[in-house]
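Numbering starts at 1 and runs along the sequence shown.
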Amino acid sequence: GKVWVVNQFFANCPVCLKQNSDDLIALYKEFGSNPDFQMVSISVDPERDTVEFLADYAAAVGAEAKNWWFVRGEKEEVYRFLTEQMKYAPIVERPEADGAQRFAHDFGIQVYGQGRRLVRQRDLVSAKSFGDEYHARSLKELKERIALRLETPLPPRGESGESGENVVETEE
């Protein structure tokens, strides 16, 4: 029943760390206090993005466990989920590369409304390449879509299943 924002990243990527994180932090600062808002960041590098590393990353961006989760899991399963279920572009790993070049992945930030329905996706990293004005307009549109979905009455809440941690490791 929540409005949630999802993105994929890897914590060793300077682009993910700076450019995408800035936009995600802006969304979190604006909507994070709303109990009907949730953020989920999914690692595309589960081998290096350990639970401990993601916990440090979460602390560095000011994420609270109750509404911004950092998720990792078995790589093939995560990749399949991101492409088949979330409809992200396929992830390409370049084992010989390091840093920002190690993974080619989609920088899109997805917004889901109640009922797990995708209502908007925007790549704000690419929007920056078109200039500050275009980026600001794209971020504003994303914020407006989130605000609109949060104004919609939500279905009754069931058990939340919250564990109190914002780093989640899926089981194989």
- Side-chain H-bond candidate by donor/acceptor type, W68 with S41, under 3.5 Å: yes
The salt bridge (Lys or Arg N to Asp or Glu O under 4.0 Å) partners of E84 (sequence neighbours excluded) come to none
By ring pair (Phe, Tyr, Trp, His ring centres under 6.0 Å), F53 pairs with (sequence neighbours left out) none
Contacts of K29 meeting salt bridge (Lys or Arg N to Asp or Glu O under 4.0 Å) (sequence neighbours excluded), chain-then-number -> none
Heavy atoms of V3 and R149 approach each other most closely as CG2-CB, 3.6 Å
Are any non-hydrogen side-chain atoms of V61 and L24 less than 4.5 angstrom apart?
no
For D49 and S43 the tightest heavy-atom approach is OD2-OG, 2.6 Å
Sequence neighbours excluded, the answer for salt bridge (Lys or Arg N to Asp or Glu O under 4.0 Å) partners of E141 is R120, R122
Taking the inter-plane angle between the rings of F9 and F70 on a 0 to 90° scale, is it parallel (under 30°), tilted (30 to 60°) or perpendicular (over 60°)? perpendicular
So CD of E74 and CZ of R80: to nearest 0.5 Å the spacing works out to 7.0 Å
- Query: Hey, are the side chains of V5 and V40 touching, using non-hydrogen atoms and a 4.5 Å cut-off?
  - Reply: no
d(I109 CD1, L142 CG) to nearest 0.5 Å is 6.0 Å
Taking every heavy atom of R145 against every heavy atom of V119, the minimum-distance pair comes out as NH1-O, 3.1 Å
Nearest heavy-atom contact between V44 and Q8 is CG1-OE1, 3.4 Å
Sorted by chain and residue number, the side-chain hydrogen bond (donor to acceptor under 3.5 Å, both in side chains) partners of Y112 (sequence neighbours excluded) come out as Q110
Worksheet item: Would you call V71 and F81 a side-chain contact if the rule is heavy atoms closer than 4.5 Å?
Response: no
Nearest heavy-atom approach of Y28 to A63 is OH-C, 3.9 Å
In this structure, CE of M39 is separated from CG of N7 (nearest 0.5 Å) by 6.5 Å
Applying salt bridge (Lys or Arg N to Asp or Glu O under 4.0 Å) to R137 and not counting sequence neighbours gives E133
Under a side-chain separation threshold of 4.5 Å, the hydrophobic residues clustered together with F130 are Y134
By side-chain hydrogen bond (donor to acceptor under 3.5 Å, both in side chains), K143 pairs with (sequence neighbours left out) E30
Between the NZ atom in K2 and the CG atom in L150, the distance rounded to the nearest 0.5 Å is 10.5 Å
Taken to the nearest 0.5 Å, the spacing of N67 CG from N34 CG works out to 9.5 Å
For P46 and G73, the nearest pair of non-hydrogen atoms, with its separation, is CB-O, 3.0 Å
Rounded to the nearest 0.5 angstrom, the CG-OG1 distance for D56 and T50 is 8.0 Å
With R72 as partner, the option from V51, D45, I42, V78 fulfilling side-chain contact (heavy atoms from CB on, under 4.5 Å) is V51
